[in-house]
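Below is one structure, written out as structure tokens; the observations come after it.
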Amino acid sequence: MNRFIRSVTFLMLAFLIFSGQAAFASSSLTSQSTPDLLIRQIMGLAYESQQTINSGPFSVGDSLKKVEKAWGAPEDLSTVAANYWSHNIRFLYDGSTGRKTITAIDDFDPQLQTIHLSMLKGLVGEPVSEVEQEGMYYVTYIDYANYKVVFVFESAWINPDPRLNMYTVEFASDNN
């Protein structure tokens, strides 16, 4: 019986170690990523650390100054957004704070276009909201404790199963 318990414990530890390594082995997309893997990575990073696939190691709530120290000056900067085109990332920030607190992160990696609306709903379930606005289709998931993820698809009027263009991760708020 002790041998059985040790074996089960060892297998569980091995599974946790290898699954943890797989989840954190690369915070960027690879050419072998499948749409369902991308969706799982997006939702997992949003839940665990309020990050996007390409924003690691930076999260919502971090300082833009921290990003600038690690990645250098943004390739494009406005009073509310810092674009790092080479990383496929846009950090939205609060310029009224001295540290320029990141309030949301947009990720627009080209591989996201392999994800279709039906795939997202099939894996994650029904969203909190779906809105067609200004030629884009916005699909929102919120857990009300950790994150809000807004997926931005091409227009659903053009294609009933649209492709994903980008997504945004931000902190969840009680009034959303």
Which heavy atom in [X] sits nearest to a heavy atom in [Y], and how many Å separate them?
X: Phe153; Y: Pro162; result: CD2-O, 3.4 Å
X: Gln50; Y: Phe171; result: CG-CE2, 3.6 Å
X: Thr101; Y: Gly61; result: CG2-O, 3.8 Å
X: Gln51; Y: Val169; result: O-CG2, 3.9 Å
X: Leu92; Y: Ala81; result: CD2-CB, 3.7 Å
X: Ile105; Y: Val60; result: CD1-N, 3.7 Å

Side-chain touch [X]/[Y], heavy atoms, less than 4.5 angstrom:
X: Glu170; Y: Tyr147; value: no
X: Thr168; Y: Met166; value: yes
X: Asn88; Y: Pro110; value: yes
X: Met119; Y: Asp36; value: no
X: Glu130; Y: Tyr137; value: yes
X: Pro35; Y: His116; value: no

*Report the C-alpha separation of Ser63 and Tyr93 in whole Å, then their side-chain angles, then the decisive distance to 0.1 Å, and conclude whether the side chain to side chain contact (heavy atoms under 4.5 Å, CB included) test is met.*
CA-CA 8 Å; Ser63 166; Tyr93 66 93; over 6 Å; no
Examine distances only and state if a side-chain atom of [X] and a backbone atom of [Y] form a donor-acceptor pair shorter than 3.5 Å.
X: Asp161; Y: Ser118; answer: yes
X: Lys65; Y: Gly98; answer: yes
X: Asp62; Y: Ser59; answer: yes

Do [X] and [Y] belong together in a cluster built from hydrophobic side chains that touch within less than 4.5 Å?
X: Leu77; Y: Phe58; result: yes
X: Val67; Y: Trp85; result: no
X: Ile142; Y: Val131; result: no

*Test Phe151 against every option in Ile39, Ile115, Ile42, Val124 by the side chain to side chain contact (heavy atoms under 4.5 Å, CB included) rule and name the one that passes.*
Ile42
*So with a 6.0 Å cut-off around OH of Tyr138, is the heavy-atom count from everything else above 12?*
yes
*asked:* Apply side chain to side chain donor-acceptor pair (under 3.5 Å) to residues Ser155 and Glu132 and explain how you reach the verdict.
replied: CA-CA 7 Å; Ser155 175; Glu132 177 85 28; 2.7 Å; yes
_Sidechain N-carboxylate O distance under 4.0 Å for Arg90, Glu75_ =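 Between Glu75 and Arg90 there is no salt bridge, as every charged N stays at least 4.0 Å from the carboxylate O atoms.
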Atom pair [atom1]/[atom2] of [X] and [Y] - distance to nearest 0.5 Å:
X: Leu38; Y: Gln111; atom1: CG; atom2: CD; answer: 6.5 Å
X: Ile89; Y: Asp107; atom1: CD1; atom2: CG; answer: 4.0 Å
X: Tyr167; Y: Leu112; atom1: OH; atom2: CG; answer: 6.5 Å
X: Thr52; Y: Phe108; atom1: OG1; atom2: CZ; answer: 9.5 Å
X: His87; Y: Asn54; atom1: NE2; atom2: CG; answer: 9.0 Å
X: Glu126; Y: Leu120; atom1: CD; atom2: CG; answer: 10.0 Å

*Worked check of side chain to side chain donor-acceptor pair (under 3.5 Å) between Thr103 and Asp94*: CA-CA 7 Å; Thr103 57; Asp94 182 355; over 6 Å; no
_side-chain contact (heavy atoms from CB on, under 4.5 Å) involving Gln113 - partner list, sequence neighbours excluded_ =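 Partners of Gln113 by the side-chain contact (heavy atoms from CB on, under 4.5 Å) criterion, ordered by chain and then number, come out as Arg163, Asn165.
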*Under 30°, 30 to 60°, or over 60°: which ring-plane class applies to Tyr84 and Trp71, parallel, tilted or perpendicular?*
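Rings of Tyr84 and Trp71: perpendicular, as their planes differ by over 60°.
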_Let's go through Val139 and Leu117 carefully: what are the C-alpha distance in whole Å and the side-chain angles of both, what is the deciding distance for side chain to side chain contact (heavy atoms under 4.5 Å, CB included) to 0.1 Å, and is it a yes or a no?_
CA-CA 9 Å; Val139 178; Leu117 180 59; 3.7 Å; yes
